[in-house]
Amino acid sequence: MQSTQLELFPYLETEESSRPPNFIPVYEPTLGRREEEYVLEAVRSGWISHAGAFVGRFEQEFADFCNVRHAISTCNGTVALHLALAALDIGPGDEVIVPALTFVASANAVTYTGATPVFADVDPVSWVIDPVDIERKLTPRTKAIMPVHLYGHPAPMHEINELARAHNLLAIEDAAEAHGAELSGQRAGTMSRIASFSFMANKIITTGEGGMVTTDDDGLNERCRHLRDHAMRPEKRYWHNEVGFNYRMTNLQAAVGVAQMQSIDRFIARKREIAALYDDYLADIRGLSLPVELPDCTNVYWMYSIVVGDEFPLTRDALIPILRERNIDSRPFFYPMDTLPPYLADAPCPISLDLSQRGLNLPSAPTLTNQQVAYICQTLRDLAQR
Ligand SMILES: *Cc1c(COP(=O)(O)O)cnc(C)c1O
């Protein structure tokens, strides 16, 4: 390793970083003895379905973490979004504005309610939904705005909530990628009427599959719990006053969740450390744009991502297999929703399209070592000089 790199990264061990390590996944869950112990406890107790002590404990601990009154667990993040929309009575005839650049579940959850997702473009720098384009996409049928804190960066909730107030709309955060992200000291999941999270294996914490709805509104909390449990009246067993869902989390999932809550602060701190390393090391490579952390924001860098520009000698698509040959896993950005067969639309979202063709998620698990980050960055630096 050259001495300049050592000056930049005094914590690096020379021999380690010059040797290609084993395959580096783009993400992996961090599961330990505590997860094992709590799952075993749940199995041994016989409480393996939705009743069981871990469910309530996980909900309380997650609510405390977000600093929100209520957290309602669900069996995955997609149905958490659906439940939140259903609790707001969004349905046929309504339009919900969703960023074009997101994971498909954001749009699908709207579709499940019978409402129509309408796509707004994103900001070229922060990659989250652009309030100016939201305003352009408003129609008399618009009922709600669903920003996504994409890759861990908070969406501009001040502007979105202002738009919502001005036009009498609801706001729902899709916080699936942003546990612990903050805007003006407020955590993701608390900046709108209702919000949702995901705990699938690659998210910031995991329960295998799992999700959570968060809200400060007592009425919405009750409504979510009612709809999640087949819409059964608690005082009248097997009496269902409307069509509900079975969207409950199991005690087995919640056991993993309670164990993960003991590490969530460390995961986030480590992810921010990893992002700072990537930032330092990649800053001077021409043709790569790096993630930002806008003023007053805390980015949790769910996926540390780069955007490959024209000045870089390789395209994003050429880069993926070359990195893979060198044992580095990566993922392209999502396709814009309005280019997918179920959602083809002619209202253009050119920034989402451009980012979608150039954006790349780099390995981002909190288990990444400093040496692995250095190796990934050195590989990109070498490729930049081809
Ligand atoms: C992961 C994710 C979801 C869905 O979560 P699942 O738990 O996989 O159903 C929803 N929205 C976004 C933005 C996501 O990244």
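For clarity, every value in this text was computed on a predicted model and none was experimentally measured. The chain is numbered in sequence order, starting from 1. Read the numbers this way: they start at 1 and go in the same order the structure lists the ligands and their atoms.
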Once you measure the plane-to-plane angle for F245 and Y247, does it fall in the parallel (<30°), tilted (30-60°) or perpendicular (>60°) bin? parallel
Which of the numbered atoms in ligand 1 are under 4.0 angstrom from any heavy atom belonging to G210? 7 (O)
Does the distance from a Lys or Arg side-chain N to an Asp or Glu carboxylate O, for D310 and R358, drop under 4.0 Å? yes
Of D217, D218, T215, T214, the residue whose pairing with R69 passes side chain to side chain donor-acceptor pair (under 3.5 Å): D218
Look at the aromatic rings of Y151 and F333 and report parallel, tilted or perpendicular, splitting at 30° and 60°. tilted
Among E209, K203, M146, M212, closest by heavy atom to atom 1 (C) of ligand 1 is K203
Please write down residue, atom name and distance for the protein heavy atom closest to atom 15 (O) of ligand 1. E177 OE2, 2.5 Å
Can you tell me the protein heavy atom closest to atom 9 (O) of ligand 1 and the distance? T78 OG1, 2.5 Å
Ring centers of F65, H179 separated by less than 6.0 Å: no
Report, in ascending order of atom number, the atoms of ligand 1 lying under 4.0 Å from any heavy atom of M200. 8 (O)
Examine ligand 1 and decide if any of its atoms is less than 4.0 Å from a heavy atom belonging to S196. no
Run the salt-bridge test on D329 and R324 with the 4.0 Å N-O cut-off and return the result as yes or no. yes
Which of the atoms in ligand 1, numbered in the order shown and given with their element, are less than 4.0 Å from a heavy-atom of V148? 13 (C)
Which atoms of ligand 1 are found less than 4.0 Å from any heavy atom of N76? 7 (O), 9 (O)
Which protein non-hydrogen atom lies closest to atom 11 (N) of ligand 1, naming both residue and atom, and how far is it? D174 OD2, 2.8 Å
Going through the distances and angles, do S184 and D296 end up as a side-chain hydrogen bond (donor to acceptor under 3.5 Å, both in side chains)? CA-CA 5 Å; S184 307; D296 217 20; 2.5 Å; yes
When hydrophobic residues are tied together by side-chain contacts of less than 4.5 Å, even through go-betweens, does F197 share a cluster with M261? yes
Residue portion contacting ligand 1 (non-hydrogen atoms closer than 4.0 Å) for T102: side chain
Flag A176 as yes when one of its N or O atoms lies below 3.5 Å from any N or O atom of ligand 1, and as no otherwise. no
